[in-house]
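These notes concern the structure reproduced below.
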2 protein chains.
Amino acid sequence: MEEKEDVFRRIRNKSAEMSKAQKKIALFIERYPDTAPFLTAAKLAETAEVGEATVVRFAVFLGYSGYSEMQRSLQERMRERLTTVDRLELSEDVYPEESHVAYEVLNDDLSNLKQTMSMMNASSFAEAVDRITRARRIQVVAFRSSHALGYFLTFYLNLLLQNTQFIANSDTMFERLSTLGREDLVIGIGFPRYTARTVQALSFSRIRNVQTLALTDSNGSPLAREAGTYLVASSRLPSFVDSFTAPLSLINALLTAVGRNSKPKVARRLRDMEQLWDQEGIYFPEP
Amino acid sequence: MEEKEDVFRRIRNKSAEMSKAQKKIALFIERYPDTAPFLTAAKLAETAEVGEATVVRFAVFLGYSGYSEMQRSLQERMRERLTTVDRLELSEDVYPEESHVAYEVLNDDLSNLKQTMSMMNASSFAEAVDRITRARRIQVVAFRSSHALGYFLTFYLNLLLQNTQFIANSDTMFERLSTLGREDLVIGIGFPRYTARTVQALSFSRIRNVQTLALTDSNGSPLAREAGTYLVASSRLPSFVDSFTAPLSLINALLTAVGRNSKPKVARRLRDMEQLWDQEGIYFPEP
DNA sequence: CGTATAATGAAATAAATCATTCATATAGTA
DNA sequence: TACTATATGAATGATTTATTTCATTATACG
């Protein structure tokens with residue numbers, strides 16, 4: 001089969017010899033591949049903050065006869081992407097052998113997310129957000145493969161509230177837990193096969209009247225039994241790996257909610273960070 | 001919020017009062033929803049075998065100001081189709097106020113996954129799996145919020161291959177990278193705002209003929225430019241958090257593929273680990 | 001069957017969009 | 001720093017595309 005010379009490949013091949021303004025255009029197209037195909041040359045120029053003529057020259061530079069031809073190519077490519085996604089729902093066998101696994105797994109994670117959405121308990125979620133927002137100190141407990149989730153949650157909670165610590169190995173766990181009181185919160189994260197220590201952390205804290213929140217995979221999980229509030233996210237995959245995709249998304253949701261909830265305190269801090277990011281970044285404004 | 005009045009709904013509502021030629025147009029749009037948005041009025045007229053004027057009148061008949069507006073509506077709809085999951089459209093209203101954020105975020109992560117699937121490059125994926133499988137030693141480089149992803153990937157690669165190390169702070173990075181050779185692999189993970197060190201790790205390694213693989217958010221990412229092979233996963237959220245849901249799912253896919261690739265070796269290893277875990281009581285006993 | 005009414009499409013006109021020009025700005029080099 | 005080569009964008013011209021007009025054809029109805 002003929003080598004596929006779509007816009008994105010051409011951009012990649014020629015990116016070395018691009019001028020400043022051309023790079024702006026390239027970056028925009030790459031970052032917004034489903035907006036670009038519909039834009040007129042003028043609109044694209046405006047959004048990428050370059051002159052209209054430069055956009056046209058960019059198309060020629062990539063080897064097209066003009067802007068129109070490049071646009072058609074972008075549209076063609078978008079149509080292909082769409083059929084790829086749609087076909088997925090029909091049959092998995094259509095995909096080339098070498099990437100079949102990828103579609104399988106991503107598709108299962110799609111299901112995990114949908115499942116999680118439909119199982120979501122609104123009041124538990126609200127309660128979780130409330131507890132996090134009010135807590136004096138927060139300890140996140142997550143071992144082994146859940147470590148990644150715990151780290152992520154801790155990282156962002158500290159960005160928001162500056163009161164969170166991460167317990168990632170069990171050596172000093174109980175010492176640290178025993179410093180907590182009833183205004184503090186322990187967040188335990190555990191998925192099959194559940195780590196015994198995480199369950200212990202929750203029950204230990206609950207007995208001592210420390211608030212507890214669990215992120216786990218089902219209502220029947222041992223963590224759910226021990227925690228004052230718990231949230232559920234599916235993690236099944238036809239693989240030896242457990243999928244933390246849905247739990248991670250749930251954590252995104254929690255963080256976003258906490259961020260919006262504690263507006264006055266957090267808002268300025270976030271705005272400062274945004275500014276910092278803007279200054280340092282080479283990002284395009286959203287289309 | 002205003003009821004979503006897309007072209008297809010309008011067509012259905014008005015199909016009773018359509019004339020013969022209008023029915024032709026409606027049928028074409030419904031049958032070729034991913035071609036129609038790109039056609040000019042003349043082309044659409046030709047393909048549907050009606051006059052050009054009739055096409056324009058059809059748009060007005062549906063309540064648009066003209067053909068252009070209908071076309072924009074079709075394009076809008078097409079863009080949404082690429083990311084939105086139809087089945088869930090209903091449930092938005094079902095979500096109560098207090099957990100609406102959750103709905104929003106999880107739904108956006110669904111979009112991210114879908115987007116990632118549609119952008120997936122099959123041959124790059126296969127190449128990535130191959131490089132991981134063949135590598136003598138693997139170094140994973142991931143800083144700041146990508147840390148969680150890096151940790152997760154390292155954790156499982158070690159489970160599978162026992163040859164992976166994680167570079168999470170930059171102090172000793174170059175020392176460690178300089179011990180690698182052409183049979184080794186560096187995996188860089190970076191999302192906006194990209195950490196300069198991660199990019200440096202990749203370019204440093206590439207120059208020294210060490211194999212490189214990047215996980216990043218778009219073709220335009222600086223990591224993509226530096227890496228021998230790169231995989232793309234969307235990470236956009238309307239929040240201060242970046243979403244690593246799709247990247248995580250991609251990592252799941254990589255791990256699963258690597259696991260299946262090296263079956264006999266891995267299977268025994270996994271069995272051994274299970275035994276070990278059982279003996280040490282790391283995991284909570286299954287009920 | 002004949003007339004009134006609505007629908008249709010080819011062609012003319014209006015609007016939008018693309019491509020080119022040229023004066024100015026920027027980057028690279030001696 | 002001054003000079004050259006290159007890149008850039010506002011303005012203009014060319015082309016494509018949408019809309020309107022109007023003569024013709026199809027349809028409904030007494």
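Excluded from the calculations below are hydrogen atoms, water molecules and symmetry mates; all remaining heavy atoms, backbone and side chain alike, are included. By convention in this document, chain letters (A, B, ...) are assigned in the order of the sequence lines, proteins followed by strands, and residues within each chain are numbered from 1.
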May I ask you to say what V50(A) touches in the nucleic acid, namely base, sugar-phosphate or nothing, with a heavy-atom cut-off under 4.0 Å?
sugar-phosphate

Overall bend - the helix from dC1(C)-dG30(D) to dA30(C)-dT1(D), comparing terminal axes fitted on five pairs, nearest 10 degrees:
30°

Identify whether any heavy atom of A53(A) sits under 4.0 Å from a base atom; if not, whether one sits that close to sugar-phosphate; answer base, sugar-phosphate or nothing.
base

From T245(B), L250(B), D109(B), residue fulfilling side-chain contact (heavy atoms from CB on, under 4.5 Å) relative to T245(A):
T245(B)

Let me know the distance between CD of E52(B) and P of dA7(C), rounded to the nearest Å.
20 Å

Rounded to whole Å, please give me the gap between NZ in K24(B) and P in dT8(C).
9 Å

Considering only heavy atoms from C-beta outward, does the side chain of L215(B) approach that of L254(B) to under 4.5 Å?
yes

Between dT8(C) (C1') and M18(B) (CE): distance, integer Å:
16 Å

Protein-nucleotide distance (F38(A), atom CZ; dT17(C), atom P), rounded to Å:
15 Å

Looking at residues 59-76 of chain A, who's got a heavy atom less than 4.0 Å off DNA chain D?
none

Is there a side-chain contact between K20(B) and the phosphate of dA26(D), meaning an N or O under 4.0 Å from OP1 or OP2?
no

Is the H147(B) ring parallel, tilted or perpendicular to the Y151(B) ring (thresholds 30°, 60°)?
parallel

Length of the line joining E46(A):CD and dG9(D):C1', which is rounded to integer Å:
14 Å

Identify which nucleotide among dT21(D), dA19(C), dT19(D) has an atom closest to any side-chain atom of R57(B), counting heavy atoms from C-beta outward.
dT21(D)

Examine dT8(D): is either OP1 or OP2 under 4.0 Å from a nitrogen or oxygen in the side chain of S19(A)? Give yes or no.
yes

So, are D34(A) and R81(A) salt-bridged, with charged N and O less than 4.0 Å apart?
yes

For the pair made of NZ in K43(B) and C1' in dT16(D), what is the distance, rounded to whole Å?
11 Å

Students often mix this up, so state it plainly: with edges at 30° and 60°, are the rings of F152(A) and F244(B) parallel, tilted or perpendicular?
perpendicular

In this structure, are over 12 heavy atoms from other groups packed under 6.0 Å from K43(A) atom NZ?
no

Under 4.0 Å between a side-chain nitrogen and a carboxylate oxygen: does that hold for D130(B) and R134(B)?
yes

